[in-house]
Trainee: 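Sharing a structure, written as structure tokens. Questions coming.
Keep in mind the model is a prediction, meaning the values are calculated, not measured. Values reported hereafter were calculated over all heavy atoms of this structure, with side chains retained and with hydrogens, waters and symmetry mates removed.
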Amino acid sequence: MLAGAGLILCFYIGVLVLADLYLIAIHLRGSHRRPLREPAEHSQIDAIRGKEPVVCVQLPIFNEAKIVGAAIDSLCALDWPRDRLEIMVLDDSTDETSSIVAQKVEEWRHKGFAISHVVRPNRDSFKAGALAAGQQQSEAQYFAIFDADYRPLPSFLRQTMAALLADPGLAFVQARLGYRNRERNALTRAQAMELDTLMGFEQAARNWAGMPMPFNGTCGVWRREAIEQAGGWRGDSVAEDQDLSFRSFALGWRCRLLLDVSAAGELPDNFEALALQRQRWSTGTAQVFRKLPWTLLHSMRWPQATAFTFLTLFYSSAAVVLVAILAIAAVCWLVAPEWALIVALGWVATVALLVVLRTIGAALAARQLGRPINLAFVGDVVAQWLMQLVLLPTAGKALIAGYLVRAIPFARTPKKGH
């Protein structure tokens, strides 16, 4: 009976992984129908010159003294009319970061920039609370959001706002996440491979198929109307980006991914920082799943709805289920070794299917992003899967915490300013 449960769980994961077949098909069809790179059209960019709306750029920070100065400098270098640009540093810091921010803000204010230093009396609702507090202090209809380690190019707003203004049905436009330190060590290369696959394969296919693609928390521009209609930023999860995205999609809003527009951030370069980041991501995924507005399935055709459901269930349960299968195999080894082998083989087959499909996705993402598929690519793929395997218990534990614990602190990933 125990072995049967293990095999059923293997079958469950195997079925969910088949969503990647749909993404592969969409990706192959989409890349033939569209250019390999999708910048905002030049005509769209030219059309808004002289008609630029007010954009509020928000920089939520917490104890990031090493990187906040450069972050503010990069935001003040954005190519947008100065009288149409607001910059808000949403500072929840408890260390010397606040004094650095105050000095920087004063420096840029003297140069004529509308830049403000927003300090709350407490850190209620963490990043979501900071974003909501900043929104209340602005009348802007568009909000660009950046984490402190990301450095947008001056053209960022020109490209993203052109796409957002061209389609009034878009809640937000998401740019691709780049990484300044991707070549620092094997761990950063593995993460870059994983996240390139997420954006260049999965999120690109989701976007082409009209399937909900969550905001990545940074390097995007939101429409105020969509935020307010969806109920605003909420701090009842540590994945406020996913939460707001799905609530807006349930109301009929859409999004657009711009793979050709990117901002370079910083990847954790040691396992301790990486584990902290992945704990937050997994916990937030479980918290969002608990209150996911499944009504958004009504707006999708059945293939999209099925793939979306499978992907959502995979991210919200796979780590726990895969660890549970191994635990079942271990128990079976004590009472019925022959069944333990069968369960273990089922686990290996399930993981092999996942690895094969996601590796195909990695190759499609590399082609989409113009990266070579060579021996270095193979090495990074292997490193990525080893990293995923080591992180499996951490992710499983964090998922369980997200389902069982209501109040979990938002733990920021430490950054070194590389």
Trainee: May I have the step-by-step check of salt bridge (charged side-chain N to carboxylate O under 4.0 Å, His left out) for Asp147 and Lys127, ending in yes or no?
Mentor: CA-CA 10 Å; Asp147 285 343; Lys127 182 179 177 181; 2.9 Å; yes

Trainee: Judged by atom type as modelled, is there a donor-acceptor pair below 3.5 Å linking the side chain of Ser116 to the main-chain atoms of Val118?
Mentor: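 It does not hold such a pair.
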
Trainee: Apply the test salt bridge (charged side-chain N to carboxylate O under 4.0 Å, His left out) to residues Arg158 and Glu52: give CA-CA distance (whole Å), side-chain angles for both, the deciding distance (0.1 Å), then the verdict.
Mentor: CA-CA 9 Å; Arg158 288 287 173 193; Glu52 295 91 344; 2.7 Å; yes

Trainee: Scan Leu85, Leu164, Val261 and name whichever one has a side-chain contact (heavy atoms from CB on, under 4.5 Å) with Leu157.
Mentor: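 It is Leu85, the one option of Leu85, Leu164, Val261 that forms the side-chain contact (heavy atoms from CB on, under 4.5 Å) with Leu157.
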
Trainee: Under a 3.5 Å cutoff, is there a donor and acceptor pairing between the side chains of Thr306 and Tyr22?
Mentor: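 No, no side-chain donor-acceptor contact under 3.5 Å.
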
Trainee: Do the rings of Phe215 and Trp233 sit parallel, tilted or perpendicular, given the 30° and 60° boundaries?
Mentor: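 Tilted, since the angle between the ring planes falls between 30° and 60°.
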
Trainee: List, one per line, each side-chain donor-acceptor pair under 3.5 Å for residues 379-402, sequence neighbours excluded.
Mentor:
{"unit_1": "Trp385", "atom_1": "NE1", "unit_2": "Thr359", "atom_2": "OG1", "d": "3.3"}
{"unit_1": "Gln388", "atom_1": "NE2", "unit_2": "Glu194", "atom_2": "OE2", "d": "3.1"}

Trainee: Please identify which of these residues, Arg371, Gln191, Arg176, meets the side chain to side chain donor-acceptor pair (under 3.5 Å) condition with Asp196.
Mentor: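 For Asp196, the side chain to side chain donor-acceptor pair (under 3.5 Å) check succeeds only for Arg371.
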
Trainee: Would you say Arg247's side chain and Ala230's backbone share a donor-acceptor pair under 3.5 angstrom?
Mentor: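 Looks like yes, one N/O pair under 3.5 Å.
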
Trainee: For Val321 and Tyr12, run side chain to side chain contact (heavy atoms under 4.5 Å, CB included): C-alpha distance rounded to whole Å, both residues' side-chain angles, the deciding distance at 0.1 Å, then the answer.
Mentor: CA-CA 9 Å; Val321 173; Tyr12 167 75; 4.1 Å; yes

Trainee: With a 4.5 Å cut-off on side-chain heavy atoms, are Arg123 and Thr94 touching?
Mentor: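 When only atoms from C-beta onward are counted, Arg123 and Thr94 do not touch, as no gap falls below 4.5 Å.
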
Trainee: Side-chain donor-acceptor pair under 3.5 Å between Ser98 and Asp91, yes or no?
Mentor: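 Indeed, the side chains of Ser98 and Asp91 share at least one donor-acceptor pair under 3.5 Å.
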
Trainee: When you measure from the side chain of Gln135 to the backbone of Ala133, do you find a donor-acceptor pair of N or O atoms at a distance under 3.5 Å?
Mentor: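 Absent.
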
Trainee: Out of Tyr150, Phe146, Trp80, which residue meets the ring-ring contact (aromatic ring centres under 6.0 Å, His included) rule with Phe156?
Mentor: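 Looking at Tyr150, Phe146, Trp80, the match for Phe156 under the ring-ring contact (aromatic ring centres under 6.0 Å, His included) is Phe146.
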
Trainee: Can any side-chain N or O of Asn181 pair as donor or acceptor with the backbone N or O of Thr188 at less than 3.5 Å?
Mentor: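 No; judged by distance alone, with no hydrogens or angles, the pair does not exist.
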
Trainee: Test Asp167 against every option in Arg223, Arg254, Arg256 by the salt bridge (Lys or Arg N to Asp or Glu O under 4.0 Å) rule and name the one that passes.
Mentor: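 Filter result, single survivor: Arg254.
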
Trainee: Are there more than 12 heavy atoms of other residues, nucleotides or ligands under 6.0 Å from atom CD of Gln103?
Mentor: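 Incorrect, the count does not exceed 12.
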
Trainee: After noting the C-alpha distance and the side-chain angles of Phe172 and Ile145, does the key distance pass the side chain to side chain contact (heavy atoms under 4.5 Å, CB included) rule?
Mentor: CA-CA 11 Å; Phe172 66 90; Ile145 299 168; over 6 Å; no

Trainee: Could you go through Phe308 and Phe249, starting from their C-alpha distance and side-chain angles, then the distance that decides it, and tell me whether this counts as ring pair (Phe, Tyr, Trp, His ring centres under 6.0 Å)?
Mentor: CA-CA 12 Å; Phe308 174 78; Phe249 295 144; 8.4 Å; no

Trainee: Could you check Arg290, Arg234, Lys291 and say which one makes a salt bridge (Lys or Arg N to Asp or Glu O under 4.0 Å) with Asp243?
Mentor: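 Filter result, single survivor: Lys291.
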
Trainee: Taking it one step at a time, do Lys104 and Val68 satisfy side chain to side chain contact (heavy atoms under 4.5 Å, CB included)?
Mentor: CA-CA 9 Å; Lys104 271 289 179 183; Val68 69; over 6 Å; no

Trainee: Whether the side chain of Arg84 engages the backbone of Pro53 through a donor-acceptor N/O pair (distance < 3.5 Å, no angle test) should be reported.
Mentor: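 No; zero donor-acceptor contacts below 3.5 Å.
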
Trainee: Between His27 and Phe201, how do the two ring planes meet: parallel, tilted or perpendicular, split at 30° and 60°?
Mentor: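 Tilted, since the angle between the ring planes falls between 30° and 60°.
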
Trainee: For a side chain to side chain contact (heavy atoms under 4.5 Å, CB included) check, start with the C-alpha distance between Val173 and Tyr142, then their side-chain angles and the critical distance, and finish with the verdict.
Mentor: CA-CA 11 Å; Val173 169; Tyr142 303 93; over 6 Å; no

